[in-house]
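No hydrogens, no waters, no symmetry mates; every other heavy atom, side chains included, goes into these values.
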Amino acid sequence: MLSKSQARAFFLGGTVVTFLIFIGLTIYSLAPGNDQTNHELITDQVIKGKHLWETNNCMGCHSILGEGGYYAPELTKVVERRGAPLIKAILQSPVPWAPNGRKMVAYEMTDEEAEAMVAYFNWIGGIDLNGFERIVSPLAKDKK
């Protein structure tokens, strides 16, 4: 059993060590060499694509970087998996896209809007995921 002064010293020592570790990791993660966001590649078209993503509530069904709904496929690396022409065709289609019995709203986007969405998906796909390249949503996995 620790005495009162030993317990206090143990607590304060542990707090100081934990605080120093926290500060060290914070400094390391904020260092310019560790930036993995590819923010320098954000263009007006990427911003417009993000705006369309939000205004059309795409996250209600889809997810990006693991965030969002799981009704429809994960779209972090969608351009790599499906290609830009198919994505544009789906977004511009006047008929609802219905793979596997799930219907996606027919957005009938203009060519400019569809290009902006593809630019946004390309930008998202360029973010360094620290090796976590696996697809999060079970709906987006390739069937084996």
Side-chain angles (χ1 to χ4, degrees), residues 2 6-144:
L2 296 175
Q6 289 173 326
R8 184 178 300 121
F10 182 75
F11 171 76
L12 291 175
T15 302
V16 168
V17 168
T18 304
F19 178 73
L20 291 175
I21 290 171
F22 174 76
I23 294 299
L25 290 173
T26 301
I27 290 169
Y28 174 76
S29 66
L30 295 176
N34 295 325
D35 184 11
Q36 299 169 315
T37 62
N38 76 352
H39 69 278
E40 65 279 353
L41 300 177
I42 295 176
T43 63
D44 289 337
Q45 201 171 27
V46 171
I47 293 168
K48 183 175 181 175
K50 170 69 170 161
H51 178 72
L52 287 166
W53 171 266
E54 291 174 354
T55 56
N56 289 304
N57 191 28
C58 299
M59 196 174 266
C61 297
H62 294 278
S63 59
I64 285 189
L65 301 173
E67 294 288 325
Y70 289 103
Y71 177 76
E74 219 283 335
L75 299 179
T76 302
K77 302 276 185 181
V78 70
V79 177
E80 287 179 23
R81 289 193 319 268
R82 300 295 185 187
L86 178 63
I87 296 167
K88 282 182 63 178
I90 292 168
L91 294 173
Q92 293 178 312
S93 173
V95 179
W97 176 249
N100 302 325
R102 291 185 166 95
K103 277 192 179 180
M104 181 173 134
V105 175
Y107 287 105
E108 299 184 59
M109 290 186 178
T110 65
D111 196 48
E112 181 184 337
E113 291 172 331
E115 284 287 338
M117 289 295 290
V118 169
Y120 175 62
F121 292 141
N122 273 322
W123 179 79
I124 286 288
I127 293 175
D128 183 358
L129 301 177
N130 289 323
F132 293 101
E133 301 295 324
R134 70 180 180 81
I135 298 167
V136 178
S137 172
L139 300 173
K141 290 184 180 176
D142 292 331
K143 295 189 182 202
K144 293 181 183 183

Backbone N or O of [Y] within a donor-acceptor pair of the [X] side chain at under 3.5 Å?
X	Y	value
Arg102	Tyr71	yes
Glu74	His62	no
Glu54	His51	no

Contact list for residues 6-26, test side chain to side chain donor-acceptor pair (under 3.5 Å), sequence neighbours left out: Ser3-Gln6
I'd like to check the salt bridge (Lys or Arg N to Asp or Glu O under 4.0 Å) partners of Glu115; sequence neighbours left out, ordered by chain and number. Lys88
What pairs with Glu112 under salt bridge (Lys or Arg N to Asp or Glu O under 4.0 Å), at least two apart in sequence or on another chain? Lys48
Please name the pair of heavy atoms, one in [X] and one in [Y], separated by the smallest distance, quoted to 0.1 Å.
X	Y	value
Arg81	Leu75	NH2-CA, 4.3 Å
Pro96	Lys103	CB-CD, 4.4 Å
Lys50	Tyr120	CD-OH, 3.4 Å
Pro94	Ala106	O-CB, 3.6 Å
Cys58	Met117	SG-CE, 4.3 Å
Gln92	Ala114	CG-CB, 3.8 Å

Can you tell me how far apart CD1 (Ile90) and CG (Leu86) are? Round to the nearest 0.5 Å. 4.0 Å
Which word best sums up how the rings of Trp53 and Phe121 line up, parallel for under 30°, tilted for 30 to 60°, or perpendicular for over 60°? perpendicular
Kindly indicate whether the side chain of [X], heavy atoms from C-beta on, has any atom under 4.5 Å from the side chain of [Y].
X	Y	value
Leu65	Ile127	yes
Ile47	Ile42	yes
Leu91	Glu108	no

Under a plain distance cut-off of 3.5 Å, with no hydrogens placed, do Gln45 and Thr43 share a side-chain donor-acceptor pair? no
Give a yes or no on this: more than 12 heavy atoms of other residues, nucleotides or ligands lie within 6.0 Å of atom CG of Asp111. yes
Might you work through the side-chain contact (heavy atoms from CB on, under 4.5 Å) test for Val79 and Ile87, ending with a clear yes or no? CA-CA 8 Å; Val79 177; Ile87 296 167; 3.8 Å; yes
